[in-house]
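These notes concern the structure reproduced below.
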Amino acid sequence: MEIAYYPGCSLHASSRLYDVQTKTVLSKVGIELSEIEDWNCCGATSAGKQDDFLAIALPARNLGIADATGLSEIMIPCSSCYSRTLVSQKTLERDPKLKAEINTELAKKVEGKIKVSNILEVLLSKKNEIAEKAVKKLAGLKPACYYGCLLTRFPSDVPVSDNVENPVAMEGILKTIGAEPLDWGYKTDCCGASASVNDADTALVLMSKIFKDALARGANCFVTTCPMCQLNLDAYQDEVRGKYGIAKGLPVYFITELIGVSMGMDAEQMQIDRHFTEAVGLLKELKLL
Amino acid sequence: MITGEQKPFEEIWNMVKDFKKVLVFGCNTCVAICHAGGGKEAEILASLLRMKASEEGIAIEINHNAVERHCEPEFFQPVMEDIRTYDLILSTACGVGVNLLSENIGDIPVFPAINTEFFGAVPRAGEFTELCAGCGNCILHLTGGICPIARCSKSLLNGPCGGTNNGSCEVSPDIKCAWVLIYDRMKKLNKLDLMKEINEAKDWSKAQGPRNFKVKVLEEIKK
Amino acid sequence: MNDKISSPKKGSVVIVGGGIGGMQAALDLADSGFKVHLIQKDPSIGGTMVMLDKTFPTGDCSMCMISPKMVEVGRHINIDVHSLAEVASVEGQPGDFKIKVKLAPRYVYPEKCTGCGDCEIKCPKKIPNEFDQGIGKRKVIYSLFAQAVPNTRAIDARHCLYLTKGTCRLCEKACKAGAINYEDKERVIEINAGAVILSPGLDRYDATVRGELGLGRWKNVVTSLQFERILSASGPFKGEVKRPSDEKHPRKVAWIQCVGSRDSHNANPWCSSVCCMYATKQTIIAKEHDKNIEPTIFYMEMRAFGKDFDKYVERAKNEYGVRYQRAMISAVREEPETGNLMLRYADEAGKLIDESFDMVVLSIGLEPHKDAAKFAKTFGIETNPYLFAKTSPLCPVQTTRDGIFVTGTYQGPKDIPDTVMQGSAVAGEAMALLSEARGTETVHKELLPERDVENEKPRIGVFVCHCGTNIAATVNIDEVVAAAKQLPDVAYVTNTIYACAQDNQDMIKQVVKDNNLNRVIIASCTPRTHEPLFQETIRDAGLNKYLFDLADIREQCSWCHMGQKEEATKKAVKIVKMSVAKSRLQKPLKTDYVGVTPACMIIGGGIAGMTSSLSLADQGFDVHVVEMEKELGGLTRNLFRTLEGNDVQEFLKATIAKVQAHKRITIHTNTQVKKTEGFVGNFKTALSNDTLISHGAIIIATGGTEYAPAEYLSGESDKVITQRDLEKRIASGEKFNPRARFVMIQCVGSREEPNQYCSRVCCQDAVKNAIAIKEQNPGSQVIILYRDIRTYGLREDYYKKARDIGVMFVRYDVDKKPQVEKDGDKLKVRTWDYMLNKELMIDADWLVLSAGLRPHPTTEGTGKMYKVTRNQDGYFLEAHVKLRPVDFPTEGIFVCGLAHAPKNLDETITQSLAAAGRAGVILSHERLAVSGIIAKHKKELCMSCLGCFRVCPFDSPYIGEDGKVAHNEVKCMGCGICAAICPAKAFQVNNFRDDQILAMIDAASECESGVVGG
Amino acid sequence: MSFRDILDSGKFAVTAEIGPPKGTDIKEMYHHIEVLKGKIDVANVTDNQSAVMRISSLAVCKIVLDNGMEPVLQMTCRDRNRIGLQADLLGASVLGIHNVLCLTGDHVNAGDHKQAKSVYDVESVQLLKIVEGMNNGKDMSGNEMKGATNFYAGAVVTPEANPLEPQLVKFEKKVKAGAKFFQTQAIYDMEKFKSFMAYARKFPVKVLAGIVVLKSAGMANFMNKNVPGISVPQVLIDEIKAAGKEKALETGINIAARHIKQLKDEKICDGVHIMAIGMEDKVPMIMERAGLL
Amino acid sequence: MSNSTLVYSVETSNPFLEEVMERSGQNLRSCYQCRRCAAGCPVGDEAVVTPDRLIRMILLGEKEESLKNLLSWKCVACYTCGTRCPNNIQTARINEALKQMAKEAHIEPVIPKVASFHSAFMKSVAHFGRSNELEFMGLYELENFKQGGVNAVMDDLKSTSKLGLSMLKKKRMHFTLDKTKGRSEIKRLYKKSAEKRGSKE
């Protein structure tokens, strides 16, 4: 099965490992990702904050390209890109005038027919296959599944496939491969990724709350699908721990690398060594690597 | 009517506990109406005492009876013979009844089971209010029909004291200041001038007990 | 309505849904000559109210209030309860509907099942108990709750091991009555009825949809209904307030209001109307159960709009220390170690506060029931966009299909009294529709002549019931039988497995005849449910029914002394002894009858009185409307449009025309009541126009008045007007300056001493007028200064609309009221904005005061004349705030409209129809039976102390012409208060005479004389 | 100059209270007399104030007199019947005490002997008449006495009572019964007091305004709630509150001084009666700040 | 918050309110002050003004205070407030509108670094069609320099360079520039956006 694929800037850069993992794992369950050609940045949070028009128009160009592929579905692993693209698509659906205006500037016009999916929706559709391919059960792995803001909350109303405030897709998938996800209180709270560079204090306080709750509930790692969140929680962990006196650090996994591990892939294949916070040790401890 | 309230049960029990045969004797007039000392209350009290006796393991025979009035000998004379078989009469009549029975019964003690209160009106079911003190020298015509002797806690005769507080008495916010009531009433009756007259100090001689009087007509007839 | 009905109308009514509203309608109809089919989807009737612990403001146990009604419905000869039933289709026309009803299999023969519950004990499978909202468990063969009606078990086929897997059959073995029927099948029956009443009740918002609130996630977050079950003595914690996670006693408990309500974005846009009050009630009851609890209610607006509601809230605050925090909670977070819940809120000053609570209760709102859409289709009625049945404020209980009526929460969110009111209202509407068919389908029982036993020596028969194992497992029945045989005057003793089973009823009748018994005692369960049944049994055997006595050895013995066999048996023997002692002194009592004048007098010719009069006249009764003013219409004359936009003046005109044209209605304008004498069924009234009228019932619809404000420069400036003035100006087409600036002030003369009540209508009026102004001139400025906006129920839509079109709402506090100053011919209003914490200064061209409602000045006099009480605010006090909202304690007198409390037009119309329905029940009888259990007055013992006269709630003692107390037995309800208070024992209640009670006490204590210890 | 002369002269009079102690230790009372001597015009000696039992006011009046200050004998009707009252009046007269303030007296309910039988054989108005009679050489029953008294009789009035009208009726009666001067209950609202004075000025009597120093906002609130006839306006309470806890007393003293000054400067009444209630030491300071010393 | 009296009138407050409503696409009028947004705002403690109060300020016409409020700059655009708002008001969108309006009114950014960050990001996208860390960081520091001089840059570099170093170490940063070929299209979109904004000013 072929699905259109929009990696976004991060998966080409700071989170390249996620790009690798996603492609590898999905191909194992029979999904072939076809990266759309000559895509551009979605505008991310910045466009939303600075320029209403571009916030819709930049993703629109990608949507036009995607529509032109003739494929029925496009998967966007990055939560920010997913959010921007989905909102753009739904906004244009509601606002034909704006759609026409943008389309005049585009080589490939937005039609609006392609289904925009996040990675969890795609993984969920292959839950049985993932379970079948899982040769290792991730027993002893107690992840706090972290969805972040952008997967279920949007700047304007769009249909959300999971419970907005208590999403459970990630837990569902992880359970099928034998992990023991915990319920906790900060699944969808903001980690402050967008502020970590320009307003670090704010970002640190938000992260500290997330860490404290996950640790108090006995989590031994985070799992996420958002490259921003992953980078933020992973890279700033020392600062958060130092500033808020948090005793323990936690590896922050992409869901894809855990699925990969359960499918029997090693750390190198999954590029697990590219985490800022040591992430291989726990898996080794649990005899998963 | 005369109002009374039953004494605390413990107090009654302490009066009764050393006797062997006790009659709880009710009066079916005034104190029956205020549910303190009628035949029914006498019966209830007798029953409570029996329970208490049984609880304490003390053998007392406790019975009850009642007549229409204790303040007139004619009413209790018919049961006198029976009453004399007891070694204690616990009267639930008012103080008048206790006195009169004591005088008539000889050497058997008569104890009060109720505290006699006052002559009362019944503004509402179960509520009794003192409106007259029986002082023997009525001045209600000067005070708009509201008695400062009975209803002012200091029995003042010339207006409110400084303790009147938003129409209430300094003794309790539940008591209305009689003089504020009188003022309002006099104002309504357009008699405020009368209120400005100084009332002389009260002649308390008419209120000094023991008092008695004779009905003049009957005196005449007797003659 | 439809005058082209060719076939004759049917005298029966189908009621769909047996909650409190449906039951009220069923009883009113069945009591007034109509056959009722009550269709209930669940295995028992009862609806939502049976799940509640206590109801406010009286704190009465909900079950204790509703259970007698359920029993009455269950036993009523003219009500057929079809449980586990659903309507499949409705065909036909008003007066003659054909209704197909699908009966789901019960797997239990209802006629054989005695409800003993032995099967339930044996059933091996437990599933979550939906009645306890999933907190507890129940068996697969079950009754919905202990007091279920019909009291037959049902098997839940989805979970039954035998029906799903083919093994088990334990219930069949356990049932001594042979009532299990695994072969049961679905059946369809057809009912032919004249009218259909829909009262399917409600569902509750599923708060798990909003994950941030933690329901289903954090154990100590419960819904308000779950909390209700936690409070309930029959609930999972037996009434102890515990939290689910660790069954510890919570100290700090938070209520979060508006969960699922007033949220057009994520949930339901409407206000559920009931949550503010039930949350307040729950805090009070919780505090009463456990004084250590510290309740906090997080709310947006305290919608205490009903009669005496504000006072109740004040009581919660001041007497119980309930904290009301005006702030909404965004999310509920569990603290990992303690299971406590962290709530964050912004206080009034804008400060963010984190506060930890031991438990959180979500005040979930009401919704139309889950299959409302399908339901509407089945019945062919229209719904509003939210799937509530579509009605009009002017015809509040009529659906869009003629002959089909709606009541209760299916019409819109509402509380118990409003539901009961609508129950009686639909009954009245159905009575009016089917008046000509009244009595055509009901049955009466033919009775044998009573045997004269007056001079016979007592011959008592005692039947000791096992109640399956309910009694027999704890009480040694043989010992009780043996002991009973030794008692004086006992002629016959036997035991029986189920005294109440049909075959045993026949046995008892036979034994009475064979042994020439003249008294019967059954030692079994409670008189509350079974006494009428057994009385009927001995009546069938030719005995006066008052020669029966029930010795309760189940509720009062085997159930409360479970596991103490010996002591329980001893107690059972004593209970039987007491019963025998009483029975020996029993005398046959006569049931007297009085005739009924089939006419009603209605005091007040406003919309309330007129609505009642039309309904009663349509029901076929003569009506006298007494109006003190020279024209009909009352306060409705000042009302022009409803919030929903209906033309009120048009409606009023039409109503007056109908009243004037109706041949059964006599109108007395410019007239007042001089004096009324008599009692229920037989009143005689002299009017000020010297007419003398005879009537069987009275409806007091004396209305109210509008408060004429003295505040805020009223009278000093012609720019200060009332909401009513403004409505009139708008209605008369006045064109305001397109940039006119309006300031409206709410709660003028309401909700503060001495008028500590909400006038209920003002928020709607303000919103209505504000919308009208903004729609006329979008550029005008309308600012509403309010304390709480109380647009309850579906009215919330209009509040939202007002905001959306730019009406500005600014809250003020009673301690910091707005200040108004004159500024030339303009006005300046200063008020405090609690959001910005600063003073606002607003220039106004118009100041519109929302002046409240007051009781009509005649209320006091009318109250005195009929000896009916009024509440603190001067409105008439109904017999029971929950279940008898239009009745007075005095039979035959009813109340409706503003005389009862402030209310909106639709509510007045509903209540007026209800009053007509209730009055119709009485007037439909040719004669009224007077119970044998009444107080008897011995004049020779009486000393006229007036104790009885003052305390009797029914006014049956009176001061006779001789100046002494006399007693009107027709009015007597046999409550016995007079007998208790009478110092001279001049009053004795039949069958509860002092000699009987004393004989029972003696029998129990075996104490023969007054001597103890000696 | 005697008290009567001072008032008749039109001088702004200042009186204060000496409260007799419970017990025989009178050191502190001596100290108070010392503090006040030469500053105030006369000292009122209270009579079992608030129905709390203390040294008799007559005895203390004598002590005050002996220490060089003129006393006013306060006399209530609560504890003595008409015979006792007259006997004490004669006693006072022969001891050289010539000012008497006639009061009805607080109910025993307020005091420390709640079970006592209240007397109230006569009350304030009648007591004034008794004094008047004795000044004319006759006792209450009209019997001629050997030697008349020469009392300067006064009474009290509550200008801020609620309702006020019945109090004013009584005020008139007191004037009629022979009261020559009035000492008022504590006043705080100048406007209200002025309107009272406008009324009182119709009668030939001297009025001394009662002054009680507010020690704290709490005390003000307490009095508003619990003491009949006293109402402290909110602005004064706010003023004390605003000053903070430390400065509350200071502010209270300033308010009292300010009021006294205003009363004197605007000639609103004839003097003030300072009820120090345990703060006799501060009276000179108040007077000083009011510009009276 | 100041305690001075606010003189309210629709005439004066409406133009600003309407503009915010139009630019943010949010119906502020529907707010009934439940304050859920305040309670749920993750930066509520830091931002001084919470969404509810910001909405009220705009409703009541406190234009200047609204344009200078700290919340708009602290907002992390998590959309919690709007998601839970019963009246569907996304304060994050209001914040975006206010910042743009502030910029157009030449009001200094309350937190300059936030402005620099996003403006740098957008410039970086304009250049290559995609965001490239190195280039973006360069632009960001340049913006920072414009706003706060050398100190601001030095301050920032200390923390960011540390991160950059570990990113390099973990092979999570790359040096080849990712570019979109259809950059002319993107330029046209930028131009259009500028035109649209221009027409508003």
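Just so we're on the same page: letters track the sequence lines, and every chain starts at 1.
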Any chance you could lay out the side-chain contact (heavy atoms from CB on, under 4.5 Å) test for E/Asp52 and E/Cys31, step after step, and finish with the verdict? CA-CA 8 Å; E/Asp52 55 327; E/Cys31 173; 5.7 Å; no
Among A/Thr188, A/Asn118, A/Asn166, A/Asp189, which residue satisfies the side chain to side chain contact (heavy atoms under 4.5 Å, CB included) criterion with A/Tyr147? A/Thr188
Taking A/Pro155, A/Gly192, A/Ser196 one by one, which has the highest count of heavy-atom pairs under 4.5 Å against chain E? A/Pro155
Check whether A/Ser88 reaches the backbone of A/Ile56 with its side chain - one donor and one acceptor, N or O, closer than 3.5 Å. yes
Has E/Arg130 got its NZ or CZ under 6.0 Å from the middle of the six-membered ring of A/Trp39, at an angle within 45 degrees of the ring axis? yes
Below 4.5 Å from any heavy atom of chain A, which atoms of E/Val114 appear? Answer side chain, backbone, both or neither. both
Structural part of A/Thr104 lying under 4.5 Å from a heavy atom of chain E: side chain
What part of E/Asn88 lies closer than 4.5 angstrom to a heavy atom of chain A: side chain, backbone, both or neither? side chain
Candidates A/Phe211, A/Tyr253, A/Phe254 - the one meeting ring-ring contact (aromatic ring centres under 6.0 Å, His included) with A/Phe222: A/Phe211
Of A/Ile102, A/Leu106, A/Leu150, A/Val164, the largest count of non-hydrogen pairs under 4.5 angstrom with chain E goes to A/Leu106
Ranked by heavy-atom pairs below 4.5 Å to chain E, first place among A/Arg61, A/Lys209, A/Glu37 goes to A/Arg61
Who wins among A/Gly43, A/Ser46, A/Cys41 for the most heavy-atom pairs under 4.5 Å with chain E? A/Ser46
Taking side chain as everything from C-beta outward and backbone as N, CA, C, O, which of these in E/Ile111 sits under 4.5 Å from a heavy atom of chain A? Side chain, backbone, both or neither. side chain
Give a yes or no answer on whether the side chain of A/Glu278 reaches the backbone of A/Val280 with a donor-acceptor pair at less than 3.5 Å. yes
Would the distance check show the side chain of A/Asp19 and the main-chain N or O of A/His12 forming a donor-acceptor pair, the cut-off being under 3.5 Å? no
Among E/Asp45, E/Val125, E/Val76, which residue forms the greatest number of heavy-atom pairs with chain A at distances under 4.5 Å? E/Val76
Need one label for E/Tyr190: side chain, backbone, both or neither, based on atoms under 4.5 Å from any heavy atom in chain A. both
Heavy-atom donor-acceptor pair, A/Gln21 side chain to A/Met270 backbone, under 3.5 Å: yes
What part of E/Ala92 gets within 4.5 angstrom of chain A, counting heavy atoms only: side chain, backbone, both, or neither? neither
Does any heavy atom of chain A fall under 4.5 Å from the side chain of E/Ser124, the backbone, both, or neither of them? neither
What part of E/Lys99 gets closer than 4.5 Å to chain A, counting heavy atoms only: side chain, backbone, both or neither? side chain
